[in-house]
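First comes the structure, then the notes that go with it.
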Amino acid sequence: MSSKIFNLSISDEGKTATVSGWVEKVRDHGGVIFIDLRKDLDLVQVVIEPSEKEIFTVAENIKNEFVIEVSGLVRKRPDGKENTKMNTGEIEVCANKLHVFSKSKPLPFQLDEYSNAGEEIRLKYRYLDLRRPEMHENLIMRSEINNFVRNFLVKKGFVDIDTPMMTKATPEGARDFLIPSRVNQGKFYALPQSPQLFKQLLMVSGFSKYFQIARCFRDEDTRKDRQPEFTQIDIEMSFTSCEEIMNISEDLIVKLFKKILKVDLVKFPKITHKESMEKYGTDKPDLRNPIILHDVKDLFIDSNFKVFKDPANDEKSKLVALKLKIDISRSQIDEYTKFVGNFGAKGLAYIKVNDISDIEKGLQSPIVKFLSKTELQNLVKKLDLNNGEVVFFGAGNKKIVLDSMSAFRQKLAEDFDLIDKTSWKPVWITDFPMFDETSEGTLTPSHHPFTKSLSTLDLLEKSPEQAISEAYDLVLNGFELGGGSMRIHDIEEQKKIFSLLGISNEEAKQKFGFFLEALEYGCPPHGGIAFGLDRIVMLMANEDSIRDVIAFPKTQSAMCLMTDAPDKVSNDELEDLSIKSTFEETE
RNA sequence: GGACCGGUAGUUCAGUUCUGGUUAGAACGCCGCCCUGUCACGGCGGAGGUCGCGGGUUCGAGCCCCGUCCGGUCCGCCA
């Protein structure tokens, strides 16, 4: 065993070495002082003996996190005094020279593995938090992942091209971060939500394989896997197909996992968006979760139970059931009723299966009295119910049922420990619908407005809600790792999509004129994909939040606790930009 | 914009509700003294608190009520 950073091992015994770093820990025995010296992830023990009179008095005043340099003899530790937990545990440096580069105040929180500082203080003193081995390892892994992705794509002939960070606002999609222009008074740049149009234009420019590890910005509220600035592995190719893009992507992810985690991922299954919604209620299913949703509309079409009968007979409604074998209390069910209530569900019907042989008395539930014996028998048969199982129902508005039941499915699996946390379950979701319907009844792109459709222009025109796009997402353990599509390369088709989206010719010209014009100068068929790098690192580092794999992240309220950004600016600065704030401070 | 959880010593937490009542505790860290083989060193002693902030109820509030700020999880939002 030898140490990478200090480059010391038992073979250096007898040599003189100079080591520098941070004081991880001082153990002052009065007579002899031990110092664990840290640099990056490495530790080495320094011994200061009282015979070294000058440095001993200095050493007596050394505290944790001082930055020092010592020189001295590398020697084998006494028999039985080796520390097997330490890389350099067989040896120690017996100091005869000691220099203090920098003292340290006591830290606002302890860095050792036995303490557990809160996120607020960790973020305020992020530079200290990053000294901790966990954070150090995460950022090193992030660097390795970055590096691997670059090498992989470059080897495949992709060209890494930067696109602007100061660009044009795009009112579609997420809210833009705006940058006021001083030179062009009254006008604004925007930070890119993604390099989408630029990478498509690079296809027009004849770069047939482009990639970029690109910072993107979206002014929307945060989640544990979302913050206002994030990093995408952005890829685009011309003269390609869905299959080729998915193959390259899969190859990239498989090799990445092999290289970094020594994990072999099996061939990624593909399921359609429709199937995913039916079985899991979401387009980013966690396939580690064994629970699936069952459509039970057919069982209750003629039911006397209105709560089931109405949705069973309504196109825009859903009636689904899920089952699992658990012991569950009344109060837990109440908790879950509240949980699905967050998604708009009005209730959570359930049936406990106590004795399958007695349909009348063996099923325990507030709703069995409303259901006929035949309905119950059919339910038992359809769901293959067994004693000890509980069935939960979601009934009503399609979106509410799917949102609530998919979240509930995941919550149950987590609460009852049904998920193998060590496993990796990637899945491609394909055949997304072209459009989603907004609450106002208008169409909005399910991916983005440049996505090519598998459906004919005719079908797009007549029943756009049925149109399928050439879009695909890669989902891993319930997280959307990336998504992409084939793009429209024909100007007429692009205009058609804009018109279906309710974007007028004038509006399209004003917002995307440069892009539409480019389509008129020889645009190759093309497509691409973008991966969320932060999420990939988060999952690979086994962290719960992307904040733990970002060196200087934002909080939930989009602030940086270390720098206090965002902050006020002076009126002079605003005047330069012709900006006047209407914000009124409350006491 | 909304729901929920949290905010008490430098840090991590207990105390808080049902039940408001003298001087708000613990551990780690910090400071002092002692200690020559520790490695989460050990021993003895000590300092350290605007109970997030503001208001209210009360004879009396860390505890009850209202508001607000900060952190987190989620809904909305995220083409």
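All chains are named by letter (A, B, ...) in the order of the sequence lines, taking the proteins before the strands, and each is independently numbered beginning at 1.
The backbone N or O of A/Glu90 lies less than 3.5 Å from no partner atom in the side chain of A/Arg77, so there is not a single donor-acceptor pair. Here the side chain of A/Ser406 pairs a donor or acceptor atom with the backbone of A/Leu402 at under 3.5 angstrom.
Ion pairing between a basic and an acidic side chain is recognised when a charged N comes within 4.0 Å of a carboxylate O; A/Arg132 and A/Glu113 show no such pairing. Ionic pairing of A/Glu461 and A/Lys496 is present here: one or more N-O contacts between side-chain nitrogen and carboxylate oxygen are shorter than 4.0 angstrom. No salt bridge links A/Glu13 with A/Arg75; every basic N to acidic carboxylate O contact stays at or beyond 4.0 Å. Contact check on A/Glu229 versus A/Arg215 returns a salt bridge, with a Lys/Arg side-chain nitrogen under 4.0 Å from an Asp/Glu carboxylate oxygen.
Partner assigned to B/rA3 is B/rU73, using Watson-Crick or G-U wobble distances below 3.5 angstrom. Across every strand in view, B/rG32 sits in a pair with B/rC44 that passes the Watson-Crick or G-U test at under 3.5 angstrom. In this structure, B/rA14 forms no base pair with any nucleotide, since neither Watson-Crick nor G-U wobble geometry is met with both distances under 3.5 Å.
Atom P of B/rA14 sits at a distance of 15 Å from the matching atom of B/rC5, rounded to the whole Å. Going from the C1' atom of B/rC59 to that of B/rC13 covers 33 Å, rounded to whole Å. Taking the P atoms as reference points, B/rG52 lies 15 Å from B/rA24, given to the whole Å. One C1' atom belongs to B/rC63, the other to B/rU58, and the distance between them is 13 Å to the nearest Å. Rounded to whole Å, the C1' atom of B/rC28 lies 24 Å from the corresponding atom of B/rU23. With C1' as the reference atom, B/rA79 and B/rG6 are 35 Å apart, rounded to whole Å. B/rC64 and B/rG21 have their C1' atoms separated by 14 Å, with the value rounded to a whole Å. The gap from the C1' atom of B/rG49 to that of B/rC30 amounts to 15 Å, rounded to the nearest Å.
Aromatic ring centres of A/Phe515 and A/Phe450: separated by under 6.0 Å. Ring centroids of A/Phe512 and A/Phe498 are separated by less than 6.0 Å, placing the two rings close together.
Screening residues 394-409 of chain A for salt bridge (charged side-chain N to carboxylate O under 4.0 Å, His left out) gives A/Lys399-A/Asp403 as the qualifying pairs, with residues at least two apart or on separate chains.
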*Under 4.0 Å protein heavy-atom contacts per nucleotide of nucleotides 34-40 of chain B, with B for base, S for backbone only and - for none*: -BBBBBB
_Heavy-atom protein contacts under 4.0 Å, nucleotides 73-79 of chain B, coded B base, S sugar-phosphate only, - none_ = BBBBBBB
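Nucleic acid contact class of A/Gly118 (heavy atoms, under 4.0 Å, all strands): sugar-phosphate only. Within 4.0 Å of A/Ile33, counting heavy atoms only, lies no atom of the nucleic acid at all. If you check every strand for non-hydrogen atoms under 4.0 Å, A/Ile121 touches sugar and phosphate atoms only.
Distances shown here put every side-chain N or O of A/Ser115 at or beyond 4.0 Å from the OP1 or OP2 atom of B/rC28. The shortest distance between the side-chain N/O atoms of A/Lys63 and the OP1/OP2 oxygens of B/rC31 is below 4.0 Å.
Remark: C1' of B/rG72 and CG of A/Leu561 are 12 Å apart, rounded to the nearest angstrom.
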*Would A/Asp286 and A/Arg288 satisfy salt bridge (Lys or Arg N to Asp or Glu O under 4.0 Å), going step by step from the backbone distance to the final call?*
CA-CA 5 Å; A/Asp286 185 348; A/Arg288 297 172 306 171; 2.8 Å; yes
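For a distance-only test at 3.5 Å, the side chain of A/Glu120 fails to qualify as a donor-acceptor partner of the base of B/rG7.
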